[in-house]
> 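Here it is, the structure in full.
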Amino acid sequence: MCGIVGATAKRQVSGILIEGLLRLEYRGYDSAGIATQEISTKSFNRIRVSGKVRDLVVALSEQPIRGTGGLAHTRWATHGAPIERNAHPHIANGRIALVHNGTIENFVSLRKELEDSGRQLDSQTDSEVVAQLVDLGIESGSTFLGAVQQTVARLEGAFALGLMCSTDPGTIIAVRKGCPLVVGLGTDEHFIASDVLALRSVTNQFIFLDEGDIAVMSSGSLQIFDEQGQPVERDSIRVSDQGESVDKGSYRHYLEKEIHDQPQAIRSTLEGRITEQHISEPGLGRCVSEIFDKTSAISIVGCGTSYYAAYVAKYWIEDMAQIPCSAEIASEFRYRNAAVLDGSLFLSLSQSGESADTIAALRLAEQRNYMHTMNIGNVPTSTLMRESATAIAMRAGVEVSVASTKSFTTMLVDLLLVALLLARRRGFPREREHEIVKALHILDEAVECALLLDDRIRQLAEEFLLTQHALFLGRGVHYPVALEGALKLKEISYMHAEGYPAGELKHGPLALVDADMPVVAVAPNNELLRKVQLNLQEVRARGGRLYVFTDEAADFDHQNDVVVIEVPKVHPALSPIVFTIPLQLLAYHVATLRGTDIDQPRNIAKSVTVE
Ligand code: M6R
């Protein structure tokens, strides 16, 4: 998703801006640009490219640009194609340079108004409209800040903005309304960025702007105004370096590394949270016990992979704790008038903590009758973590690849602990908790064993090379695992894949099955195995190609039309975690064979900060 970096300093800033853009690359984008300003000349120097930051670097090496202030941007196209003309920074009338993240929902009427007044716009974007409006404000006699405030008051939607003005050289104005934006504090320099990661090479001191804040900064000054235009003080936070390496090591892709990081990520997740036999409540964070004591229903909300984690948790929580639990897609929840049961806990799940729909769902939950809000997230400084009343910090480590892998499995581990703590309060036998905790102690080893399937699955992936579709089936708690397997395959290999509850097959999707349709079944040896086997017979009878992931040779005939892949046997409560691993490997190898952009698949982004 769009990434913003800005700097105003006493030194040249183009290097800082490019470094920031490179650090934001993981978010996903399709064009990039930079504009700098020299205090002496006041005018802007701009370079934009359709493509990657490395293309921008090449363009800069051919035509270096100077300036002690500047804005840079990676654009994830929403309004208008990913072409150079639509890339940011936009410059209106040579006077206003602007970078924007988010969407301006009323841009059509604003654009018409500008065009009717004789303004010619260069791009098809909603963003340029904002730059033009600010310029119009200045033309009508407003100050730079006044013009920004008047413009912002007219905008509908969620956005973060960075602006510079040729008549106010060295000043950056930053606006946060619905999309994340941080201010970085240096010595005689100030920075802005979509997330702290972009600025880690220049500062560790940050101000997280509040909703509606407008910050005005030069190299030596910083003033913040709240939504009402009143000057405010915001605390700065020192963000400590987690000392984590974000390089690929010897792996070809971040995705491959992150899949193989999972045993370690699981060990970190469990550290201090389980004793030899039990779950340690304080290990999950302050106040958690008190909240779970009062919880009699739970709504879990997330997007994409995080939603599938919620779906797995629904099965666990209802089964073990016997309390009503709903799992819902955040973009649906936010526009639904959901019934809220007494004692309901609202739990949001998000790797990035910045998914716009999940944030909106949390804000809605705050207005509704929820007993408490909680977030499980992987980025401690994220909006969701900061805005939720309580947070459980995931310990997946930095996840760079757009496709979530270790964040899914570690989120599941955290959710299993939550399920067990809720269950404990509802008479779940201590011995059963003990059995699961015992199994958790060796979960990392089971995941390591599952990763040994790598070679086998690499070979298998070749059978998916020429096919265009795949069906993923599961039942019970493994149905969301099938959904996640299908999502992984489609997002990185661009191959169409659908997840289905195996029992639903005969109600429609069976019509798709023929010899060209690989059907992947998640079929652990549990109480539903016989049912799944019956469903798979329906596939075989129609000549479908079956790939069955199971544990122990669970009575699947080793016949030509069935490929059986044996996954390490674990306690049934943990099998959704272990069965996820081979599906991630399958997606990775199919995508590698297809030659797609593994870590930054086309059209999608790591941090989805727009609705
Ligand atoms: O950061 P979040 O967990 O809120 O992100 C939610 C989804 O955007 C994310 O899981 C997405 O579906 C991934 N690309 C899946 O691999």
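Order of listing sets the numbers, starting from 1, for every ligand and every atom in it.
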> Tell me, do Phe159 and His100 make a side-chain contact under 4.5 Å, heavy atoms counted?
yes
> Which atoms from ligand 1 have a heavy atom of Ser352 less than 4.0 Å away?
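Result: 1 (O), 2 (P), 4 (O).
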> For atom 14 (N) of ligand 1, which candidate among Glu484, Lys488, Glu491 holds the nearest heavy atom?
Glu491
> Consider side-chain contact (heavy atoms from CB on, under 4.5 Å). Of Met495, Gln584, His496, which one does Leu489 pass it with?
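Exactly one candidate clears the test, Met495.
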> Could you list the donor-acceptor pairs under 3.5 angstrom formed by side chains in residues 357-367, with sequence neighbours left out?
residue, atom, partner, partner atom, Å
Asp357, OD1, Arg334, NH1, 2.7
Arg363, NE, Glu387, OE1, 2.9
Arg363, NH2, Glu387, OE1, 3.3
Arg363, NH2, Glu387, OE2, 2.7

> Suppose I only count heavy atoms of Ser350 and a 4.0 Å limit; which atoms of ligand 1 are within that range?
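The atoms of ligand 1 under 4.0 Å from a heavy atom of Ser350 are 1 (O), 2 (P), 3 (O), 4 (O).
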> So is there a nitrogen or oxygen of Val402 less than 3.5 Å from a nitrogen or oxygen in ligand 1?
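Indeed, backbone or side chain, Val402 has an N or O that close.
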> Do Lys488 and Ser493 meet the criterion of a side-chain donor-acceptor pair at a distance under 3.5 Å?
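Distance-only check fails for Lys488 and Ser493.
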> Would you say the side-chain atoms of Gln351 and Ser404 include a donor-acceptor pair closer than 3.5 Å?
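No.
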> Among all protein non-hydrogen atoms, which one is nearest to atom 8 (O) of ligand 1, and what is the separation to 0.1 Å?
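Here the nearest protein heavy atom works out to Val608 CG2, 3.8 Å.
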> Considering the heavy atoms of Ser306, write down every atom of ligand 1 situated less than 4.0 Å from one of them.
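This gives 2 (P), 3 (O), 10 (O) as the contact atoms.
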> Examine Lys490 relative to Phe472 and say whether NZ or CZ is less than 6.0 Å from the centre of the six-membered ring and inside a 45° cone about the ring axis.
no
> Counting each atom of ligand 1 from 1 as listed, which ones have a heavy atom of Thr305 under 4.0 Å away?
10 (O), 12 (O), 15 (C), 16 (O)
> Would you indicate which of Ser401, Cys303, Ser382, Gly377 comes nearest to atom 6 (C) of ligand 1 when only heavy atoms are counted?
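Of the listed residues, Cys303 has the closest heavy atom.
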> Pull out every atom of ligand 1 sitting under 4.0 Å from any heavy atom of Ser404, numbered as shown with elements.
10 (O), 13 (C), 15 (C), 16 (O)
> What pairs meet the ring-ring contact (aromatic ring centres under 6.0 Å, His included) rule with one or both residues in residues 587-611, with sequence neighbours excluded?
His253-Tyr588
> Which atoms of ligand 1 sit under 4.0 Å from any heavy atom of Ser355?
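Every atom of ligand 1 under 4.0 Å from some heavy atom of Ser355: 1 (O), 2 (P), 4 (O), 5 (O), 6 (C).
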